[in-house]
Protein chains: 2
Amino acid sequence: MIFSKDRRLLTKMDNLTVGRARPRDRIVEKARVLFHKYGIRGVGVDTITEAAGTNKMTLYRHFDSKDDLIIEYLRSVACDMNATWDHLEAEYPDDKIAQLRAWVRGAAECVVNDDRGCDIANAAIELTENGHPARRVIREIKTKMRDRLIKLCREAGIEQPERLTDALALLVEGARVNRRSIGPDGPSARLVEIAEDVIESFRKNCPD
Amino acid sequence: MIFSKDRRLLTKMDNLTVGRARPRDRIVEKARVLFHKYGIRGVGVDTITEAAGTNKMTLYRHFDSKDDLIIEYLRSVACDMNATWDHLEAEYPDDKIAQLRAWVRGAAECVVNDDRGCDIANAAIELTENGHPARRVIREIKTKMRDRLIKLCREAGIEQPERLTDALALLVEGARVNRRSIGPDGPSARLVEIAEDVIESFRKNCPD
DNA sequence: CGGTATAGTTACAGACCGGTCACACCTCCG
DNA sequence: CGGAGGTGTGACCGGTCTGTAACTATACCG
């Protein structure tokens with residue numbers, strides 16, 4: 001093992017292979033943690049780079065601006081969300097209703113385990129400037145998610161897939177933001193039962 | 001009419017009676033407009049005082065800090081929400097179901113006419129610091145609103161008033177934040193029909 | 001070994017932030 | 001008239017923010 005003067009790991013190979021990622025990836029990783037916890041406007045680039053064990057110049061070599069980093073942050077979050085969805089499909093390959101129920105349960109679990117809300121929605125609220133480049137990205141991400149949920153509902157044999165999707169989207173989104181206002185004992189605690197009721201009522205309408 | 005050197009209205013009586021309110025009230029009024037549009041963290045005290053036609057010293061004579069002003073801002077918003085609710089009760093004095101339906105329609109109208117979301121929820125998201133004094137106020141306001149909705153549902157003869165309240169709260173809250181992410185054509189457009197369906201399904205469960 | 005790309009360091013610019021100070025001003029009321 | 005209280009003005013403090021510049025150090029590859 002090779003150490004530098006101050007005894008930190010140093011070789012580029014180490015950075016690539018042994019746990020320590022490239023500065024760019026470390027920056028995005030820490031930006032996710034900090035933006036999530038303190039909000040986008042609540043975290044400066046200095047804080048991010050320090051947490052990532054690097055410095056501001058390196059950040060600005062990889063990103064044109066903080067806004068650029070914000071976009072990368074949002075894409076990274078969306079990527080993870082898609083991954084968990086893929087995992088869901090793999091878990092119940094042929095049972096679409098089970099996938100739908102698991103999605104609801106997963107969303108509810110996410111609400112319970114983390115009171116800081118949805119990164120995408122939070123960003124939409126925090127970035128008030130209408131022409132902000134991230135707003136387009138947010139819209140894209142949310143639209144794709146919605147389309148994917150519609151598709152799932154349709155494949156599950158729901159008669160009005162768009163409508164059930166929207167109902168579930170509103171409930172989940174509402175739960176995440178409501179929990180941040182009232183806390184864990186508020187309406188968000190009932191998300192699963194309410195959502196399951198809604199799904200059931202939509203299934204009843206299907207002659208099957 | 002008396003004018004000062006620079007030809008603005010000046011007497012204290014004028015401030016009280018002829019449209020121009022006291023500096024304190026003007027500050028809160030402009031804070032509401034600006035916080036709503038640009039977010040709490042997106043507006044400095046200088047901007048507020050300038051919009052209110054006054055100055056920073058006067059602000060700090062009436063409020064201990066910006067946080068103090070934020071709290072007053074939230075209380076002011078909550079006061080207006082209560083007022084519209086009172087108005088609703090006066091409009092349908094004996095028909096609680098009509099009040100409930102009107103509340104949903106009013107909330108939906110609010111969502112449609114204004115894409116910047118609920119001030120209270122936005123503040124909850126923006127103020128990430130857990131010990132922030134405004135967080136307690138937010139919790140109080142939201143809890144009172146919830147209690148009032150529960151009471152209305154109960155008086156309307158709903159069998160599970162808490163459950164319907166939470167369902168509606170999640171839907172409305174979700175609609176407001178979702179609209180800021182996806183825009184007017186997203187799930188929020190279907191808020192009314194979904195909410196009315198939910199109310200109806202809860203009424204069916206009542207033997208009446 | 002030498003060239004090139006990447007990363008670290010330090011310092012700085014310019015703007016904005018919340019908050020304070022001293023002082024002048026105005027209006028009302030006794 | 002004169003004092004008291006609310007208000008306006010401009011300067012200022014210390015801190016933080018995004019973003020840049022110049023220079024150094026390191027690692028990889030031919």
Side-chain angles (χ1 to χ4, degrees), chain A residues 1-18 20-27 31 34-35 38-71 73 126-127 129 132-134, chain B residues 1-18 20-27 31 34-35 38-71 73 126-127 129 132-134:
Chain A
M1 192 84 77
I2 311 173
F3 290 88
S4 66
K5 314 179 234 179
D6 55 353
R7 299 204 184 121
R8 283 186 316 180
L9 286 176
L10 48 75
T11 77
K12 201 171 194 177
M13 275 318 277
D14 281 340
N15 283 346
L16 289 171
T17 56
V18 203
R20 191 164 176 82
R22 286 197 201 78
R24 187 185 197 281
D25 298 332
R26 290 181 345 237
I27 288 170
L34 292 168
F35 283 160
Y38 302 106
I40 291 174
R41 286 205 274 218
V43 180
V45 290
D46 275 318
T47 310
I48 296 170
T49 54
E50 194 184 343
T54 177
N55 54 75
K56 194 154 52 171
M57 269 314 299
T58 301
L59 187 151
Y60 280 103
R61 283 191 193 103
H62 289 288
F63 303 96
D64 290 340
S65 61
K66 187 186 178 182
D67 286 349
D68 196 23
L69 172 61
I70 291 169
I71 289 175
Y73 150 69
E126 246 192 311
L127 304 175
E129 195 190 335
H132 195 290
Chain B
M1 192 84 77
I2 312 173
F3 289 89
S4 67
K5 313 179 235 182
D6 55 353
R7 299 201 183 124
R8 282 186 314 181
L9 287 175
L10 49 76
T11 76
K12 202 171 194 176
M13 278 315 278
D14 281 341
N15 283 346
L16 288 171
T17 57
V18 203
R20 192 163 175 83
R22 287 196 201 78
R24 187 185 197 279
D25 297 333
R26 298 193 326 252
I27 288 171
L34 292 167
F35 284 160
Y38 303 106
I40 291 174
R41 285 205 273 218
V43 180
V45 291
D46 276 316
T47 310
I48 295 170
T49 54
E50 195 185 344
T54 178
N55 53 75
K56 196 154 51 170
M57 264 319 295
T58 300
L59 187 151
Y60 280 102
R61 281 189 195 104
H62 290 288
F63 303 97
D64 291 340
S65 61
K66 188 186 180 184
D67 285 348
D68 196 22
L69 172 60
I70 291 170
I71 289 175
Y73 149 70
E126 244 190 314
L127 304 175
E129 195 190 334
H132 194 290

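Side-chain atoms are counted along with the backbone in the values below, which use heavy atoms only and exclude waters and symmetry mates. In what follows, chains are A, B, ... by sequence order, proteins preceding strands, each numbered from 1.
- What separates NZ of B:K56 from P of D:dG10 is a distance of 13 Å, to the nearest Å.
- Spacing between atom CG of A:D25 and atom P of C:dA7 amounts to 10 Å, rounded to whole angstrom units.
- For the residue pair A:R41 and A:E126, the shortest heavy atom distance occurs at N-OE2, 2.9 Å.
- D:dG19 atom C1' lies 14 Å from atom CD1 of A:I70, rounded to whole Å.
- Taking the side chain as every heavy atom from C-beta outward, A:I70 and A:F35 approach each other to under 4.5 Å.
- Taking five base pairs at each end of the helix from C:dC1-D:dG30 to C:dG30-D:dC1, the local helix axes there meet at an angle of 0°, rounded to 10°.
- The shortest heavy-atom contact between A:K66 and A:V43 is NZ-O, 2.8 Å.
- Of the residues in residues 58-68 of chain B, those lying under 4.0 Å from DNA chain C by heavy-atom distance are B:Y60, B:S65, B:K66.
- Rounded to whole angstrom, the span from the CG atom of A:L34 across to the P atom of D:dC17 amounts to 12 Å.
- For the pair B:R22 CZ and D:dG8 C1', the computed distance is 18 Å after rounding to whole Å.
- A:R61 contributes atom CZ, which lies 13.0 Å from atom NZ of A:K56 (distance to the nearest 0.5 angstrom).
- The side chain of B:T54 sits closest to D:dG8 out of D:dG8, C:dG18, D:dA22.
- Taking atom CZ on B:R41 and atom C1' on D:dC17, their separation rounds to 13 Å, with Å as the unit.
- Using a 4.5 Å cut-off on side-chain heavy atoms (C-beta onward), A:I27 and A:I48 make contact.
- Taking atom CG on B:N55 and atom C1' on C:dG19, their separation rounds to 13 Å, with Å as the unit.
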Can you list the steps and then say if B:E50 with B:T47 is a side-chain contact (heavy atoms from CB on, under 4.5 Å)? CA-CA 5 Å; B:E50 195 185 344; B:T47 310; 5.7 Å; no
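- Here the CG atom belonging to A:L69 is positioned 11.0 Å from the CG atom belonging to A:D64, to the nearest 0.5 angstrom.
- Taken from CD1 in B:I71 to NE2 in B:H132, the straight-line distance is 7.0 Å, to the nearest 0.5 Å.
- Distance A:M57 CE to C:dC12 P: 16 Å, rounded to the nearest Å.
- Annotation: side chain of A:Y73 is in contact with side chain of A:I40 (closest heavy-atom distance under 4.5 Å).
- The stretch residues 43-50 of chain B does not touch DNA chain D, since none of its heavy atoms comes less than 4.0 Å from the strand.
- No side-chain N or O of A:S65 forms a donor-acceptor pair with one of A:D68 less than 3.5 Å apart.
- Rounded to the nearest 0.5 Å, atoms CG (A:L59) and CZ (A:R26) are 11.5 Å apart.
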